[in-house]
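Heads up: the structure comes next, in structure tokens.
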Amino acid sequence: MKLLTLNFLTCAVKTCKSSSDSFPLHPKDAELASDDVEVNPELLVNLLPRLDWKALKTTSAEVFLPSCIYPLGFPQLPDSPPTIEQLQSDDKLLKDLHSLLMETNLMEGKLVCGVCGHEYAVREGIPNFLLPSHLV
Amino acid sequence: MSRPEDTLLADVHYDDVEARKYTTSSRIQNIQASMTRRALELLDLKTPSLILDVGCGSGLSGEILSDIPPEEGGPHVWIGMDISPSMLDVALQRDVEGDLFLADIGQGVPFRAGTFDAAISISAIQWLCNAESSETSPQQRLARFFGGLYQSLKRGGRAVCQFYPKNDVQKQMITSAAVKAGFGAGMLEDDPDTKNVKVYLVLTAGQSAVANTKSGDITGVVENMEGVDVVDNRRQGRSSGKGEIKKGSKQWIIKKKEQMERKGKVVKTTSKYTGRKRRIAF
């Protein structure tokens, strides 16, 4: 699962829907893998306004700090979200963002909700979001 | 034609054997591909987008989304949801590019508001119409699905769901659930009244920022397409309702006479003198 997806994913439990802490989900025991994906600047520009920058910072800190498996050290993100013009002109930023969002995959581990503490298992890159019926 | 929906649940029906059969059958592959292309045509995406694939299965339709050339506005990034682990397993082996989720669409769509540019669903949502336990009903599952989908789409986003309705009741049930969730809904039928009929439910979430059609109506989706007839069954304003015919007018009299005739009363025949004013006597 791409880190991009994690930036959009919330807890599926009904009672968590109203709480703002159900997003983002916190990765636990995460194993990462890096994929080669062609850079698509148009897509990133399209997605930029929708990204939750704060959540992205949290996620990248949570994923990379404990594992430290990232070969080159993970790309540093600026503190505030860049504007579209900044992204289009800054090649390095674009590349960093691309490798973080599109190329970094969460392969194994758990996603934990900040409210209810429900753990969604991730196996072979596929999170299991099936819920027992009393939580729906 | 047998309908697996009637006998089993999606995750039970698509076991390892069934999932492999489904994915390797060239007939199914062709049909899926053509339906996906048709759905993309209806979505009318101009730039690379984030798309939700509902009931992605082994990623047959997802592959097409990833393979759209840049000149046609691709390649798109997609996130797929499916309830069958076997199907997802096949997708893993085929090394598809999108992200996969093991999730039940009848339990909602776990993404934050405004995530997706568009959503696509090929031959999946008819599975929502059978509830497996006493705890849920098809209506509940449909409501949760469409409610979640409406939220997770950006405003002005579109969703195209191709599905196989069992009968008109089911078609009606699905459409009304979508409308209740807030969607503007329209139905497109390819090859109607044949065995190969394909039903596409076209949904729009809110008004598009780019006003491309008159009043952003759902029929605008197919405006520029060839070979599509718009059949609008909605009430055409108030032109054919009550209050139009003035009481005492000739039209009104004729209407009343017809009513009486239907009741079996003896009614004078209508002529050019019917409803005319008498000449003033003095």
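Naming: A, B, ... by sequence-line order, numbering from 1 per chain.
- The shortest non-hydrogen separation linking Thr5(A) to Phe111(B) is CG2-CE2, 4.1 Å.
- Without hydrogens or angle criteria, Asp99(B) side chain to Lys2(A) main chain gives a donor-acceptor distance under 3.5 Å.
- Around atom CD of Gln32(B), more than 12 heavy atoms belonging to other residues, nucleotides or ligands sit under 6.0 Å away.
- Ring to ring, Phe101(B) and Phe129(A) are close: their centroids are under 6.0 angstrom apart.
- Per-residue heavy-atom pair counts under 4.5 Å with chain B were compared for Asp35(A), Asp52(A), Asn105(A), and the maximum is reached by Asp52(A).
- The shortest side-chain heavy-atom distance between Leu102(B) and Pro127(A) does not fall under the 4.5 Å cut-off.
- By the 4.5 Å heavy-atom criterion applied to side chains, Met1(A) and Leu100(B) are not counted as neighbours.
- Under a cut-off of 6.0 angstrom, the local environment of CZ in Arg123(A) is sparse, with at most 12 non-hydrogen atoms contributed by other residues, nucleotides or ligands.
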What's the verdict on side-chain contact (heavy atoms from CB on, under 4.5 Å) for His76(B) and Leu43(A), showing C-alpha distance, side-chain angles and the deciding distance? CA-CA 8 Å; His76(B) 304 296; Leu43(A) 179 80; over 6 Å; no
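- Contacts of residues 12-19 of chain A with chain B at a heavy-atom distance below 4.5 Å involve Ala12(A), listed in sequence order.
- Scanning residues 46-56 of chain B against chain A with a 4.5 Å non-hydrogen threshold yields Thr47(B), Pro48(B), Ser49(B), Leu50(B), sorted by number.
- For a heavy-atom cut-off of 4.5 Å, chain A lies close to Ile79(B), Ile83(B), Leu88(B) in residues 78-91 of chain B.
- Of the two parts of Leu44(A), neither the backbone nor the side chain holds a non-hydrogen atom closer than 4.5 Å to a non-hydrogen atom of chain B.
- For residues 140-161 of chain B, the pairs satisfying ring pair (Phe, Tyr, Trp, His ring centres under 6.0 Å) are Tyr150(B)-Phe183(B), with sequence neighbours left out.
- For the pair Gln107(B) (side chain) and Leu131(A) (backbone), a donor-acceptor distance under 3.5 Å is present.
- The nearest pair of heavy atoms linking Arg112(B) to Arg50(A) is NH2-O, 2.9 Å.
- If you measure heavy-atom distances from Asn46(A) to chain B, the contacts under 4.5 Å come from the side chain alone.
- For a residue to count as touching a neighbouring chain, one of its non-hydrogen atoms must lie under 4.5 Å from one of that chain's; by this rule Phe23(A) touches chain B with the side chain only.
- Sparse packing is recorded around CD of Glu97(B), with 12 or fewer heavy atoms of other residues, nucleotides or ligands lying under 6.0 Å away.
- Residue Leu92(B) touches chain A through its side chain alone, counting heavy-atom pairs closer than 4.5 Å.
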